[in-house]
Amino acid sequence: MALQVAELNALLTADTRDFSSGMKRAGDDADGFGSKLKSGMGTMAKWGAAAAAAGATAAVAFGVKAVMAASDMNEALSKSNAVFGESAKVIDDWSKTTASSIGISRTEALNAAGGFGNMFDQLGIGAKQSAKMSTGMVQLAADFASFHNADITQVLDAQSAALRGE
């Protein structure tokens with residue numbers, strides 16, 4: 001048997017139109033996603049900048065308030081020293097416990113005691129007795145405010161007015 005060798009030439013063509021259009025759509029989708037991502041990153045950067053600005057503003061406001069509070073405390077201590085003289089240390093030590101013991105800040109306690117002390121000083125009461133009476137009046141105001149569920153600053157104002165004869 002003789003071996004026959006034949007040559008076969010075939011021309012194969014493929015329809016790649018669907019493949020090409022699919023690839024184009026995929027590329028367009030990727031481009032669109034990239035644009036959206038870039039836009040989103042820009043928006044997030046703007047939000048980040050806004051948040052940073054808000055944080056910086058809050059930090060500055062906190063710093064200003066802290067400086068003002070320290071200044072107020074200094075003024076209250078200065079007033080206490082001027083009003084109570086040698087008994088000012090007793091008032092200062094007492095004021096360090098008022099936030100936990102009677103619920104008013106140290107600065108507020110110093111200011112209130114200084115106000116009462118100033119009135120008692122005008123009556124000619126000595127510094128030691130004035131300090132004792134002033135802390136007693138502030139304690140009384142705190143007790144009254146607590147008992148009647150009132151604002152202590154209003155009670156302190158009312159006490160001062162009563163002592164002035166108003």
Side-chain angles (χ1 to χ4, degrees), residues 27-166:
D28 291 346
D29 288 348
D31 288 345
F33 176 74
S35 295
K36 288 178 182 175
L37 183 61
K38 184 177 177 183
S39 173
M41 294 300 280
T43 299
M44 289 191 335
K46 289 176 187 174
W47 288 348
T57 300
V60 169
F62 176 78
V64 168
K65 286 182 181 181
V67 168
M68 290 176 63
S71 176
D72 291 347
M73 172 63 74
N74 236 8
E75 299 265 338
L77 283 169
S78 178
K79 177 181 179 180
S80 180
N81 287 334
V83 170
F84 296 108
E86 72 267 4
S87 295
K89 174 132 176 52
V90 172
I91 299 293
D92 184 35
D93 291 343
W94 165 80
S95 73
K96 292 175 182 175
T97 65
T98 57
S100 60
S101 64
I102 61 175
I104 62 172
S105 73
R106 183 176 178 205
T107 302
E108 189 175 17
L110 285 168
N111 281 328
F116 287 120
N118 195 28
M119 282 191 280
F120 297 144
D121 188 47
Q122 291 176 20
L123 296 172
I125 298 173
K128 188 174 181 177
Q129 188 62 27
S130 178
K132 185 176 178 181
M133 290 174 62
S134 296
T135 57
M137 291 298 290
V138 175
Q139 179 67 50
L140 181 64
D143 291 345
F144 187 85
S146 176
F147 186 76
H148 292 284
N149 197 26
D151 180 7
I152 190 166
T153 56
Q154 292 176 340
V155 174
L156 288 166
D157 289 344
Q159 281 181 324
S160 295
L163 288 173
R164 289 190 306 269
E166 296 176 3

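Values reported hereafter were calculated over all heavy atoms of this structure, with side chains retained and with hydrogens, waters and symmetry mates removed.
Taking OG of S87 as the start and NZ of K132 as the end, the distance is 11.5 Å to the nearest 0.5 Å. Atoms OG1 and CD, on T107 and E75 in that order, are 10.5 Å from each other to the nearest 0.5 Å. One distance of note links CG of D121 with OG of S134; it measures 9.5 Å at 0.5 Å rounding. Here the CD-CG distance, from Q159 to L140, works out to 5.0 Å after rounding to the nearest 0.5 Å. Here I102 contributes atom CD1 and D143 contributes atom CG; the two are 8.0 Å apart, rounded to the nearest 0.5 Å. D157 contributes atom CG, which lies 8.5 Å from atom CG of D151 (distance to the nearest 0.5 angstrom).
Side-chain contact between V90 and K128 is absent, with no heavy atoms from C-beta onward closer than 4.5 Å.
Remark: K89 NZ is loosely packed, at most 12 non-hydrogen atoms of other residues, nucleotides or ligands lying under 6.0 Å away.
Taking M119 as the reference, F116, S160, L163, R164 meet the side chain to side chain contact (heavy atoms under 4.5 Å, CB included) condition, with sequence neighbours excluded.
When all heavy atoms of S105 and T98 are compared, the pair lying nearest together is O-OG1, 3.6 Å. K79 and G114 make their closest contact through CE-C, 3.7 Å (heavy atoms, listed as atom of the first residue, atom of the second, distance). Considering all non-hydrogen atoms of both residues, G117 and V83 come closest at C-CG1, 3.4 Å. Nearest heavy atom pair, residue A113 against residue V138, reads N-CG2, 3.8 Å. In terms of heavy atoms, V155 sits closest to A150 at CG2-CB, 4.1 Å.
At least one donor-acceptor pair under 3.5 Å links the side chain of S95 to the backbone N or O of D92.
Sorted by first and then second residue, the ring pair (Phe, Tyr, Trp, His ring centres under 6.0 Å) pairs involving residues 126-148 (not counting sequence neighbours) are F144-H148.
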*Please assess M137 against L156 for the test side-chain contact (heavy atoms from CB on, under 4.5 Å), listing each intermediate value before the final yes or no.*
CA-CA 8 Å; M137 291 298 290; L156 288 166; over 6 Å; no
